[in-house]
Amino acid sequence: MKKHFRDFFWNSDLTSTAGYDAVVQYLNDGRRTCKEVEEFMKARASVEEKYAKDLLGLSRKVCGHNEMNTLKKSLDVFKLQTEHVSLSHLQLARCMREEAKKLEEFREKQKEARRKVEQQMEALHKQKSSQVKRTMEAKKTYEQKVREKEEADQKMIRNTSSTKNTEKLHAKAQQATQNAEEGRCVCYRWYHQSVSILGRTREEWLREHVTACETFEKQATDRIDFLRNAVWTHLNQLSQQCVTSDELYEEVRKSLEQCDVQEDIEHFITLKNTGDRPPAPVAYEKLSSGQRSPAVAPPPSLPPPITSRRPASPPMTSSGGPSALQDAADRVIHF
C-alpha cells in the first residue's frame with residue numbers, strides 16, 4: 001500500500017503546524033537540490049566550452065608543416081578531426097546549458113505554484129490560531145461566569161435560610177443571582193459561537209491541509225522524476241560525446257593506416273634527390289723536380305698480395321740528392 005503525505009503529517013495539537021512545516025521543509029530542500037544540479041550543469045558547460053576553445057586553438061597550430069606525402073595527409077586529418085572534436089564539445093556545452101535552463105524554468109514554475117498554496121495555508125493557520133485563542137478566552141470567561149453564578153446561588157440560599165436577613169438583603173442577593181445568570185448566558189452564547197466558528201475553521205483547514213499535501217506530494221514526485229531524467233540526459237550527452245569523439249578519432253586511425261613508411265621514403269627521394277652518382281675519387285699527382293707529372297690513379301683499396309720480399313733500397317747519400325728522395329716516394333706508393 002502506497003503512503004501519501006495527507007495521511008502522515010497530522011498533529012493532535014490543533015494549533016500545531018509541525019506536519020505542514022515538515023512537508024514545506026522537504027520541498028525547500030528539493031528546490032535547493034534543483035538549484036545545485038542546475039549550477040553543476042552550468043559549471044560543466046563552462047568546462048566544456050573552455051576545453052573546446054583550447055582544443056580549437058591547438059588544432060590550428062602548426063603541426064607537420066614540413067612533412068610530406070602520406071604522413072602529411074595523416075597529420076592534416078589529425079588536425080582536422082581535432083577541430084571537429086572541439087566543435088562537438090562546444091555543441092555539448094550548448095546542450096548542457098539548454099538542460100540547465102529547462103531545470104531553472106521547472107524550478108521557478110514549481111516555486112510559483114507553491115507560493116499560492118503556501119499563502120492560502122498561512123492565512124488559514126493565522127485564522128485557526130486566532131480563533132482558537134478567542135475560543136479559549138470565551139471559555140475562560142464563561143467558566144468565570146459559571147463560578148460567579150454558583151457563588152450567587154449559594155449566597156442566595158444562605159440569605160434565604162437566615163432569619164437575620166432583611167428583605168432588602170434578600171432582594172440584593174436575588175438581583176446578584178439574576179445578574180450572574182445573565183452574564184453566564186451571554187458568555188455561554190459567546191463561547192458556544194466561538195466553538196462553532198472554530199469548528200468551521202477547523203473543517204476548512206482540514207480540507208486545505210489535505211489539498212496542500214496532495215499538491216506538495218505531486219510537486220515532489222515531479223521534481224524527483226525531472227531531476228532523474230535531467231541527470232540521465234546529461235550522462236547520455238557525455239556518452240554520446242565519447243562516441244562522437246571516437247568516430248572522429250577513427251578517421252585519423254584510418255588515415256594512419258594509409259601511411260606507408262617506404263612510400264614516404266621513396267617520395268622524398270624522388271622529390272629531393274640530387275643524383276645517383278657519387279663524386280670521382282681524387283687522383284694522386286706524382287711530382288718530380290718541381291714538374292707536374294701526368295695524373296695517375298691511386299692504388300686500389302687493397303694492395304696486391306706480396307709474393308717476394310723487395311730488396312732493400314740503396315742508402316741515401318749524405319747529400320740527400322733527388323735520387324734518394326724519389327726512391328723513398330716509390331716505397332710509400334708501393335705499400
Side-chain angles (χ1 to χ4, degrees), residues 28-111 222-276 278:
N28 288 336
D29 293 342
R31 183 164 58 88
R32 190 175 297 108
T33 301
C34 287
K35 180 67 175 177
E36 291 169 352
V37 174
E38 173 192 335
E39 291 176 350
F40 178 91
M41 289 185 175
K42 289 180 179 179
R44 181 60 191 267
S46 298
V47 171
E48 291 293 335
E49 283 179 350
K50 184 179 184 305
Y51 177 71
K53 291 177 181 178
D54 291 346
L55 201 60
L56 184 61
L58 187 63
S59 69
R60 293 175 179 175
K61 286 188 175 181
V62 175
C63 180
H65 177 71
N66 296 322
E67 195 52 63
M68 58 182 62
N69 207 38
T70 62
L71 181 57
K72 179 175 178 57
K73 294 177 183 178
S74 296
L75 292 176
D76 290 342
V77 173
F78 173 58
K79 289 178 59 180
L80 178 62
Q81 298 306 323
T82 301
E83 180 180 352
H84 290 169
V85 170
S86 71
L87 296 178
S88 68
H89 278 279
L90 195 60
Q91 179 61 31
L92 174 62
R94 295 193 188 100
C95 293
M96 288 181 176
R97 291 198 180 279
E98 290 176 1
E99 291 300 318
K101 183 65 176 177
K102 292 178 182 178
L103 186 55
E104 180 182 5
E105 292 173 352
F106 172 80
R107 179 171 53 82
E108 291 299 323
K109 183 180 179 180
Q110 281 208 332
K111 180 181 177 181
D222 292 344
R223 177 187 61 81
I224 294 172
D225 185 62
F226 191 91
L227 276 178
R228 181 185 63 179
N229 292 337
V231 175
W232 196 295
T233 300
H234 179 73
L235 296 176
N236 283 345
Q237 290 172 343
L238 295 176
S239 297
Q240 182 58 46
Q241 176 60 43
C242 293
V243 173
T244 301
S245 297
D246 187 67
E247 290 175 350
L248 296 173
Y249 294 145
E250 181 62 23
E251 295 299 320
V252 181
R253 286 190 288 266
K254 290 179 180 179
S255 176
L256 290 173
E257 289 175 352
Q258 303 302 318
C259 179
D260 190 303
V261 177
Q262 185 59 35
E263 182 180 342
D264 281 13
I265 295 297
E266 293 178 0
H267 176 81
F268 170 72
I269 292 173
T270 303
L271 187 65
K272 299 292 185 178
N273 78 87
T274 58
D276 57 357

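These numbers come from a predicted model, not from an experiment.
Screening residues 248-257 for side-chain hydrogen bond (donor to acceptor under 3.5 Å, both in side chains), with sequence neighbours left out, gives Ser74-Ser255, Asp246-Arg253, Glu250-Arg253.
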Inset, instruction - Would you check, one step at a time, whether the test side-chain contact (heavy atoms from CB on, under 4.5 Å) holds for Met41 with His234? - result: CA-CA 8 Å; Met41 289 185 175; His234 179 73; 3.9 Å; yes
Inset, instruction - Could you please spell out the steps behind the side-chain contact (heavy atoms from CB on, under 4.5 Å) verdict for Thr270 and His267? - result: CA-CA 5 Å; Thr270 303; His267 176 81; 5.8 Å; no
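By the 30° and 60° cut-offs, the orientation of the rings of Phe106 relative to Phe226 is parallel.
Side-chain contact between Asn69 and Lys72: absent, with no pair of heavy atoms (C-beta onward) separated by less than 4.5 Å. In this structure, Glu104 and Lys42 have side chains that are in contact, with non-hydrogen atoms separated by less than 4.5 Å. For the pair Val47/Lys50, no side-chain contact is recorded, criterion being any heavy-atom separation below 4.5 Å from C-beta on. Put simply, the side chain of Glu266 reaches to within 4.5 Å of the side chain of Gln262, judged on heavy atoms.
The distance from the CG atom of Leu71 to the CG atom of Asp264 is 6.0 Å, given to the nearest 0.5 Å. Here the CG atom belonging to Leu103 is positioned 14.0 Å from the CD atom belonging to Glu98, to the nearest 0.5 angstrom. With rounding to the nearest 0.5 angstrom, the CG atom of Leu92 is 12.5 Å from the CG atom of Leu87. Rounding to the nearest 0.5 Å places CD of Glu83 at 11.0 Å from CG of Leu248. For the atom pair CD of Glu38 and CZ of Arg97, the computed distance is 11.0 Å after rounding to the nearest 0.5 Å. Residue Thr233 holds its OG1 atom at 11.0 Å from CG of Leu238, rounded to the nearest 0.5 Å.
Judged by distance alone, with hydrogens and angles left aside, the side-chain atoms of Ser239 form no donor-acceptor pair with the main-chain N or O of Asn236 at under 3.5 Å.
In this structure, Leu75 and Cys63 approach most closely via the heavy-atom pair CB-O, 4.3 Å. The two residues Arg107 and Cys34 make their nearest non-hydrogen contact at CD-CB, 3.8 Å. In terms of heavy atoms, Ser59 sits closest to Lys79 at O-CE, 3.1 Å.
Under the 3.5 Å distance criterion, with hydrogens and angles disregarded, a donor-acceptor pair is assigned to the side chains of Gln241 and His89. A donor atom on one side chain and an acceptor atom on the other are not found under 3.5 Å apart for Thr70 and Asp260.
For the side chain to side chain donor-acceptor pair (under 3.5 Å) test, residues two or more places apart in sequence or in another chain that qualify with Arg44 are Glu48.
Between Lys73 and Asp76, none of the side-chain N atoms (NZ, or NE/NH1/NH2) sits under 4.0 Å from a carboxylate O, so this pair counts as no salt bridge.
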